[in-house]
A.B. asks: 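Mind having a look at this structure? Questions to follow.
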Amino acid sequence: MRYLDPVKTKQRMQSRLKTNKALQGTFLIATLFGLFVLAVLIIRVLTEGLSWINMDFLTGKLSTNADRAGIMGAILGTAWLMLIVIPVTTFLGIGTAIYLELYAKEGTVQSFIATNIANLAGVPSIVYGLLGLTVFVRAMDFGNVILAGGLTLSLLVLPIVIVAAQEALRAVPGHLSEASYGMGATKWQTIKKVILPAALPGILTGSILALSRAIGETAPLTALGIPALLIPLPGSMFDTFTALPMQIYYWTLDSSLVEEYAYLASATIIVLLVLLFLLNSIAVYIRHRFQHRY
């Protein structure tokens, strides 16, 4: 202690405390500003669109008359998209994660693949839209139908699902698989009966959050040329369609000409937010339901 100067030490402590309080205040202001902006957006959407939501709006078809327009076609189009995105991303994403984490040998190739998959999760969504336009719409000649849109959105969220599944598999305690091997189980039996059930909460949570992103994406569908016109209700994956984000986008553009379209866009935003809230609630429930097992 005789080598320390009490005066300088006190000054440094006071300076650090002041810096800590300044940073704490800065972070608090940033948090409050973000919450304020979010509250303003939500309040505006609710005040403009809540009165427009009724059964006629939810079950009606698109119309050039704002008072008669409905979003059933957009809801069905979104549902059809998810019927394609869910199985494609689930099987390919989880399967890829299992191979990379439990089968592939550690080395340059495995590290290269894992690094590129992680990088793909940050690629702008419009790039995937252009890829889908080139491959699915033109090269495979699907046209701008539900199948092309679903496969494009699957490519968009697939890296996210893979990374989430990898993290969930890594989080499984090693003693569980060692105990399984010690009892004579094969590698696949251990993966199926021990590792996957233990990693299931993390895998499903990451998958549902990725699907939530897919539901709200507009840029890839815009690149595919998805219309928001008076089209029939989709009945199969080979039909033309529109989706909730696309309908919001086009009604927002049309609001510059007809004011009522802004209210329709706000009402559609509320419906989309409710769907996203339900998906996120399911993710929270799954994690809470299964995380105490292991």
Side-chain angles (χ1 to χ4, degrees), residues 45 49 52-66 68-90 125-126 128-133 135-138 140-158 207-255 261 263-280 282:
V45 167
W52 286 72
I53 298 178
N54 51 45
M55 288 304 299
D56 292 335
F57 176 74
L58 295 176
T59 60
K61 297 181 180 180
L62 297 176
S63 173
T64 55
N65 188 344
R68 299 172 56 187
I71 58 171
M72 176 54 68
I75 293 175
L76 291 177
T78 302
W80 272 105
L81 283 177
M82 292 303 102
L83 287 178
I84 296 174
V85 173
I86 290 174
V88 171
T89 56
T90 300
S125 57
I126 188 65
Y128 288 98
L130 296 175
L131 176 63
L133 175 65
V135 176
F136 303 124
V137 176
R138 294 178 178 175
M140 303 183 71
D141 200 22
F142 287 157
N144 52 356
V145 298
I146 293 175
L147 181 60
L151 292 176
T152 301
L153 292 179
S154 298
L155 292 178
L156 172 64
V157 300
L158 187 59
S207 299
I208 292 174
L209 294 178
L211 295 176
S212 299
R213 178 187 174 184
I215 287 180
E217 284 292 342
T218 306
L221 300 181
T222 304
L224 294 180
I226 302 303
L229 305 175
L230 304 180
I231 57 177
L233 298 181
S236 71
M237 66 179 65
F238 298 102
D239 292 340
T240 56
F241 74 105
T242 187
L244 290 173
M246 291 299 302
Q247 200 58 55
I248 294 170
Y249 172 72
Y250 281 112
W251 272 340
T252 302
L253 294 179
D254 294 338
S255 64
Y261 284 127
Y263 303 136
L264 291 176
S266 297
T268 309
I269 290 173
I270 295 174
V271 175
L272 182 59
L273 287 177
V274 170
L275 293 177
L276 293 175
F277 178 78
L278 290 176
L279 282 177
N280 292 330
I282 292 173

A.B. asks: L272 and P245: which non-hydrogen atoms are nearest, and at how many Å?
C.D. replies: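 Closest pair (atom of L272, atom of P245, distance): CD2-CG, 4.4 Å.
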
A.B. asks: What pairs with F238 under side-chain contact (heavy atoms from CB on, under 4.5 Å), at least two apart in sequence or on another chain?
C.D. replies: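 Partners of F238 under the side-chain contact (heavy atoms from CB on, under 4.5 Å) test: L147, S236.
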
A.B. asks: Under 6.0 Å from the OH atom of Y249, do we count more than 12 heavy atoms belonging to anything else shown?
C.D. replies: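 At most 12 heavy atoms, drawn from other residues, nucleotides or ligands, come within 6.0 Å of this atom.
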
A.B. asks: What's the spacing between I53 CD1 and L58 CG if we round to 0.5 Å?
C.D. replies: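 The distance works out to 6.5 Å.
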
A.B. asks: What's the verdict on side-chain hydrogen bond (donor to acceptor under 3.5 Å, both in side chains) for Q247 and T268, showing C-alpha distance, side-chain angles and the deciding distance?
C.D. replies: CA-CA 8 Å; Q247 200 58 55; T268 309; over 6 Å; no

A.B. asks: Measure across A223 and L133 and return the closest heavy-atom pair with its distance rounded to 0.1 Å.
C.D. replies: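 Between these two residues, the closest heavy atoms are O-CD2, 3.6 Å.
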
A.B. asks: Nearest heavy-atom pair of G132 and L224: which atoms, and what distance?
C.D. replies: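 Residues G132 and L224, closest heavy atoms: C-CD2, 3.6 Å.
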
A.B. asks: Output yes when a side-chain donor or acceptor of N144 lies under 3.5 Å from a complementary backbone atom of G225, and no otherwise.
C.D. replies: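 Confirmed, N144 side chain pairs with G225 backbone.
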
A.B. asks: Begin with the C-alpha distance, continue with both residues' side-chain angles, and end with the deciding distance and a verdict on side-chain contact (heavy atoms from CB on, under 4.5 Å) for I215 and L211.
C.D. replies: CA-CA 6 Å; I215 287 180; L211 295 176; 5.6 Å; no

A.B. asks: What closest approach, in Å, do L276 and S212 show between heavy atoms, and which atom pair accounts for it?
C.D. replies: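 Scanning both residues completely, I find the closest heavy atoms to be CD2-O, 3.2 Å.
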
A.B. asks: Quick one: pull up CD in E217 and CE in M246 and give me the separation to the nearest 0.5 Å.
C.D. replies: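 E217 CD to M246 CE: 12.0 Å, rounded to 0.5 Å.
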
A.B. asks: Measure the CG-CZ distance between L264 and F57 for me, rounded to the nearest 0.5 Å.
C.D. replies: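 Reported value, rounded in 0.5 Å steps: 5.5 Å.
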
A.B. asks: Output, in order, the C-alpha distance, side-chain angles, deciding distance and verdict of side-chain contact (heavy atoms from CB on, under 4.5 Å) for L62 and T242.
C.D. replies: CA-CA 10 Å; L62 297 176; T242 187; 4.3 Å; yes

A.B. asks: Quick one, F241 and L233 - any side-chain contact, counting heavy atoms below 4.5 Å?
C.D. replies: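 The answer is no, as the side chains (C-beta and beyond) never meet within the 4.5 Å cut-off.
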
A.B. asks: Looking at OG1 of T59 and CG of N54, how far apart are the two atoms once the value is rounded to the nearest 0.5 Å?
C.D. replies: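 With rounding to 0.5 Å, OG1 (T59) is 8.0 Å from CG (N54).
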
A.B. asks: Any non-hydrogen side-chain atom of V135 less than 4.5 Å from a side-chain atom of M140?
C.D. replies: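 In short, these two side chains touch, coming nearer than 4.5 Å.
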
A.B. asks: I'd like a table of donor-acceptor pairs (distance under 3.5 Å, sequence neighbours excluded) in which one partner is a side-chain atom from residues 77-85, with atom names and distances.
C.D. replies:
{"unit_1": "T78", "atom_1": "OG1", "unit_2": "A74", "atom_2": "O", "d": "2.9"}
{"unit_1": "T78", "atom_1": "OG1", "unit_2": "L244", "atom_2": "N", "d": "3.1"}

A.B. asks: Are the side chains of P220 and I126 in touch, meaning some heavy atoms are under 4.5 Å apart?
C.D. replies: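 No, every pair of side-chain atoms sits at 4.5 Å or beyond.
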
A.B. asks: Kindly determine whether F136 and T152 satisfy side-chain contact (heavy atoms from CB on, under 4.5 Å), including the steps that lead there.
C.D. replies: CA-CA 8 Å; F136 303 124; T152 301; 3.6 Å; yes

A.B. asks: For residues I248 and T252, determine if any side-chain heavy atom of one lies less than 4.5 Å from a side-chain heavy atom of the other.
C.D. replies: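 Yes; the side chains approach each other to less than 4.5 Å.
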
A.B. asks: To the nearest 0.5 Å, how far apart are CG in L156 and CG in L221?
C.D. replies: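 Interatomic distance, L156 CG to L221 CG, rounded to 0.5 Å: 9.5 Å.
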
A.B. asks: Could you tell me which residues satisfy salt bridge (charged side-chain N to carboxylate O under 4.0 Å, His left out) with R68, sequence neighbours excluded, listed by chain and number?
C.D. replies: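 R68: no salt bridge (charged side-chain N to carboxylate O under 4.0 Å, His left out) contacts found.
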
A.B. asks: Check the pair L155 / L131 against side-chain contact (heavy atoms from CB on, under 4.5 Å), numbers first and verdict last.
C.D. replies: CA-CA 9 Å; L155 292 178; L131 176 63; 3.8 Å; yes

A.B. asks: Any idea which heavy atoms bring T90 and I86 closest together, and the distance?
C.D. replies: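 Taking T90 first and I86 second, the nearest heavy atoms are OG1-O, 2.6 Å.
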
A.B. asks: Determine the minimum heavy-atom distance between S266 and V45, stating which atoms define it.
C.D. replies: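 Answer, listing the atom of S266 first, then V45: O-CG1, 3.5 Å.
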
A.B. asks: Rounded to the nearest 0.5 Å, how far does CH2 of W52 lie from CD1 of I270?
C.D. replies: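 Those atoms lie 12.5 Å apart.
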
A.B. asks: Any non-hydrogen side-chain atom of L273 less than 4.5 Å from a side-chain atom of I269?
C.D. replies: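 Yes - at least one pair of side-chain heavy atoms lies under 4.5 Å apart.
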
